[in-house]
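To start, the structure under review is shown below, and the notes come after it.
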Amino acid sequence: MTILGVALLALCTPIGVFLGDRLGIALGVKANVGGVGLAMILLIAAWSWLLAQGKLGGGITLGVEFWSTLYIPIVVAMAAQQNVMAAVRGGAHRAHRRHGPMTPCWP
């Protein structure tokens with residue numbers, strides 16, 4: 001059952017977010033620093049541990065594979081959203097300054 005792999009991710013995500021928040025505090029940033037990435041690392045570590053113990057069932061494998069295929073598009077979408085929000089908050093002048101030098105590069 002795929003739900004077992006999703007349940008494993010559900011255990012790893014809050015831990016990763018907690019560690020990302022703590023890392024942000026340690027770096028003096030008012031943001032979560034790498035919480036999703038840390039959750040994925042924990043998921044891979046848990047998957048490897050279950051594989052070594054011989055307890056990795058088909059359901060867990062399907063759930064982990066499901067989320068591993070979605071990880072990159074989710075992170076790209078999150079990064080794109082942050083870039084758009086930063087450009088909107090910065091105003092037209094800042095967006096022009098950021099993208100102006102790239103304009104001659106486009107055919």
Side-chain angles (χ1 to χ4, degrees):
M1 294 173 48
T2 306
I3 194 73
L4 294 175
V6 175
L8 183 61
L9 177 66
L11 291 173
C12 295
T13 300
I15 297 169
V17 170
F18 175 78
L19 293 174
D21 287 339
R22 295 298 161 247
L23 184 58
I25 291 169
L27 294 173
V29 179
K30 293 181 180 178
N32 184 307
V33 179
V36 174
L38 291 170
M40 289 299 128
I41 291 171
L42 289 171
L43 180 64
I44 292 168
W47 183 79
S48 298
W49 183 80
L50 288 170
L51 182 64
Q53 299 295 320
K55 297 180 180 180
L56 189 64
I60 295 174
T61 301
L62 286 173
V64 171
E65 288 174 355
F66 171 74
W67 282 108
S68 66
T69 57
L70 287 179
Y71 176 69
I72 297 298
I74 288 171
V75 170
V76 169
M78 289 169 59
Q81 178 187 10
Q82 289 177 350
N83 289 340
V84 169
M85 293 304 292
V88 168
R89 285 189 194 124
H93 176 68
R94 199 176 249 182
H96 175 68
R97 237 181 26 199
R98 179 179 293 165
H99 299 295
M102 295 187 323
T103 304
C105 299
W106 295 100

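Keep in mind the model is a prediction, meaning the values are calculated, not measured.
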In a table with atom names and distances, give each donor-acceptor pair under 3.5 Å that connects a side chain of residues 21-37 to protein atoms at least two apart or in another chain.
| residue | atom | partner | partner atom | Å |
| --- | --- | --- | --- | --- |
| Asp21 | OD1 | Asn32 | ND2 | 3.1 |
| Asn32 | OD1 | Gly35 | N | 2.7 |
| Asn32 | ND2 | Val17 | O | 3.2 |

Show me the donor-acceptor pairs, under 3.5 Å and distance only, between side chains in residues 38-57 and residues at least two apart or in other chains.
| residue | atom | partner | partner atom | Å |
| --- | --- | --- | --- | --- |
| Ser48 | OG | Ile44 | O | 3.0 |

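Sorted by first and then second residue, the side chain to side chain donor-acceptor pair (under 3.5 Å) pairs involving residues 3-13 (not counting sequence neighbours) form an empty list.
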